[in-house]
Amino acid sequence: MHEMSIAIGIVNIAKDEAKKAKIDSFSSIDLEIGTLAGIEFDSLDFVWEVAVKDTVLENAKKRVHKVEAKARCSDCGHEYPISFIHDNCPKCGSFIKIILQGKELRVKSLEYS
Ligand SMILES: [Zn+2]
């Protein structure tokens with residue numbers, strides 16, 4: 001499953017950070033995930049427990065911050081929220097746009113206590 005490799009990637013980032021900080025475990029992790037990042041939020045929750053087992057994230061509380069996707073129309077400059085990559089401008093109908101946000105997938109913060 002795609003989300004499993006994402007989760008393992010996140011665990012690896014946390015492992016590196018733990019090594020740098022010389023700690024054994026984190027108490028929480030904040031993730032920023034865009035609605036266009038291609039991640040099923042439910043699937044990520046589903047695989048998470050398996051992915052973090054016996055790792056520095058095993059007991060970490062996961063908080064996911066959803067970033068709603070937004071685009072700017074290249075023709076009229078209108079900024080609008082998008083649900084799908086092929087959505088067009090609600091003002092002028094143009095399909096040409098710049099994605100401003102919504103493709104993020106990053107670890108925002110890690111905390112340990
Ligand atoms: Zn437009």
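Ligands are counted one by one from 1 in listed order, and the atoms in each one are counted from 1 as well. Every value quoted in this text rests on a predicted model; they were computed, and no experiment measured them.
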**Q** From Lys103 NZ over to Ile99 CD1, what is the distance, rounded to the nearest 0.5 angstrom?
**A**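 If I round to the nearest 0.5 Å, the distance is 6.0 Å.
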**Q** Quick one: give me the number of protein N/O/S atoms under 2.8 Å from the Zn ion (ligand 1).
**A**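 The number of such protein atoms is 4.
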**Q** Is it the case that over 12 heavy atoms from other parts of the model lie below 6.0 angstrom from the CZ atom of Phe41?
**A**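 Result for CZ/Phe41: enclosed.
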**Q** Taking NZ, NE, NH1 and NH2 as the nitrogens, is one of them in Glu32 or Arg63 under 4.0 Å from a carboxylate oxygen of the other?
**A**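 Salt bridge: no.
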**Q** Enter the distance from Ile29:CD1 to Lys108:NZ here, rounded to the nearest 0.5 Å.
**A**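 One gets 12.5 Å once the value is rounded to the nearest 0.5 Å.
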**Q** Got a sec, which pairs hit side chain to side chain donor-acceptor pair (under 3.5 Å) with one end in residues 47-62, sequence neighbours left out?
**A**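 Listed by first then second residue: Asp45-Lys62.
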**Q** Measure from the side-chain N and O atoms of Ser27 to the backbone N and O of Glu111, and report whether any donor-acceptor pair falls under 3.5 Å.
**A**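 Checked: pair present.
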